[in-house]
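When a ligand or atom number is given, it counts from 1 through the structure's own listing order. What you see below is based on every heavy atom in this structure, not just the backbone, and it leaves out hydrogens, waters and symmetry mates.
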Amino acid sequence: METLLPSEIRDYLLGVDDEELFRIADKVRERYTGKKIYLRAIVEFSNVCRNDCKYCGIRRSANVRRYAMSVEEIVKCAHYAEDLGYGTVVLQSGENTLYDSKIPEIVREIKETTKLAVVLSVGEKSFEQYLEYRLAGADRYLLKHETSNSELFYRLTGRSLERRLECLQNLMVLGYEVGSGNIVGLPGQSVDDLVKDVLMFAEWDFDMLGIGPFIPCPGTPLERFPPGDVMLTLRTIALSRILTKNAHIPATTAVRTVLGEDKAHLVFRCGANVVMGNVTPEKYRRLYRIYPGKVCFFQDPESWLNEIKEQIRGAGLKPSGEKGESLKRKQKATNLEKGLYRDTREAELKGQDTRQQT
Ligand code: 5AD
């Protein structure tokens, strides 16, 4: 199966044949990304946020104790991650300006003293800032578009989807490996919105995709809405795998939280090929409460890592601490070497239908 029609995506999202969907997604994962499940470390270095997204527990108006780790603390966490055997560290925070000038320093220090790939996840910034971070050595960037329904995006975040997409575009231009993603089951989100999300993942050809269910968070305006359906989330993951082929798709903390950590391995059998371990110091970790019950709240990073590795092996897969760079990059480089792009270009110039050749 090479592609799916929007109506077929819709049917699968509605649960027409979960068994078939998950089986195909598992096969596509195996063929395009192999048996490796990449382990990434995440440091949630500050919960200070200027945004007021209605779903999020660290929104500006939420009543939570705020923290902002020092440069030294953050770098120390990266060293710890490397010592634990991780090849990638994700630096995530609420969207704030406190670190605008510190990020280059942090990234440079980590790149100079470790072999880690550095992923930033610090929100919407200017082109110049993204450039500065990239020049400091940042390899990748995560910025979920949350929902492709622009009206819903505005209603929930008070911000413009257009601007968010412009940021994603800028990140691509700057040569980051770029990750986007969505939240499944947001109040007011329709199945057709999810169809659009999945099609957008394929169209933009993102290197990474974070897909998780909505989890209502006490103290937010959406606290009384029902959580996103876990099956719907797994279907979204499976469809994204089938359509994007080799994107890195994590079994997100949100989906693992809803499934229960003991069933996390199921996500690897319906398309996911990445998992993130939390290495934030415990005293801060519990304050980064985007939603309640996060699976990582209490377990120490080392024992978590051992457990998840066992689960991965139990699912017949292989945990990997390699950097795990974008498989799309690798594919593009190979295509270039084979002259595939040139052939396509030549065919275009000759006015032929290139679709048959690619
Ligand atoms: N439920 C699920 N995911 C959430 N996020 C924020 N709040 C929630 C919630 N209540 C996700 C957003 C964000 C990521 C860091 O956490 O998708 O991009």
Begin from the C-alpha positions of R164 and T157 and carry the test side chain to side chain donor-acceptor pair (under 3.5 Å) through to its verdict. CA-CA 11 Å; R164 171 98 15 142; T157 68; over 6 Å; no

Among residues at least two apart in sequence or on other chains, which ones pass side chain to side chain donor-acceptor pair (under 3.5 Å) with K125? D100

With a 6.0 Å cut-off on the ring centroids, do Y130 and Y141 count as close? yes

Ligand 1 N/O to protein N/O, distances under 3.5 Å:
| unit_1 | atom_1 | unit_2 | atom_2 | d |
| --- | --- | --- | --- | --- |
| ligand 1 | 1 (N) | I215 | N | 2.9 |
| ligand 1 | 10 (N) | Y55 | O | 2.8 |
| ligand 1 | 10 (N) | I215 | O | 2.8 |
| ligand 1 | 17 (O) | K144 | NZ | 3.0 |
| ligand 1 | 17 (O) | E146 | OE1 | 2.5 |
| ligand 1 | 17 (O) | E146 | OE2 | 3.3 |
| ligand 1 | 18 (O) | E146 | OE2 | 2.7 |

Under the side chain to side chain contact (heavy atoms under 4.5 Å, CB included) rule, collect the residues that match up with S190, sequence neighbours excluded. D192, D193

Extract all donor-acceptor atom pairs below 3.5 Å that involve side chains of residues 269-278 and protein atoms in other chains or at least two apart in sequence.
| unit_1 | atom_1 | unit_2 | atom_2 | d |
| --- | --- | --- | --- | --- |
| R269 | NE | D26 | OD1 | 3.2 |
| R269 | NE | D26 | OD2 | 3.2 |
| R269 | NH1 | A315 | O | 2.9 |
| R269 | NH2 | D26 | OD2 | 2.7 |
| N273 | OD1 | R241 | NH2 | 3.2 |
| N273 | OD1 | I249 | N | 2.8 |
| N273 | ND2 | H248 | ND1 | 3.1 |
| N278 | OD1 | T280 | N | 2.9 |
| N278 | OD1 | T280 | OG1 | 2.8 |
| N278 | ND2 | E44 | OE1 | 3.0 |
| N278 | ND2 | E44 | OE2 | 3.3 |

Regarding K328 and N246, is there a side-chain donor-to-acceptor distance under 3.5 Å anywhere? yes

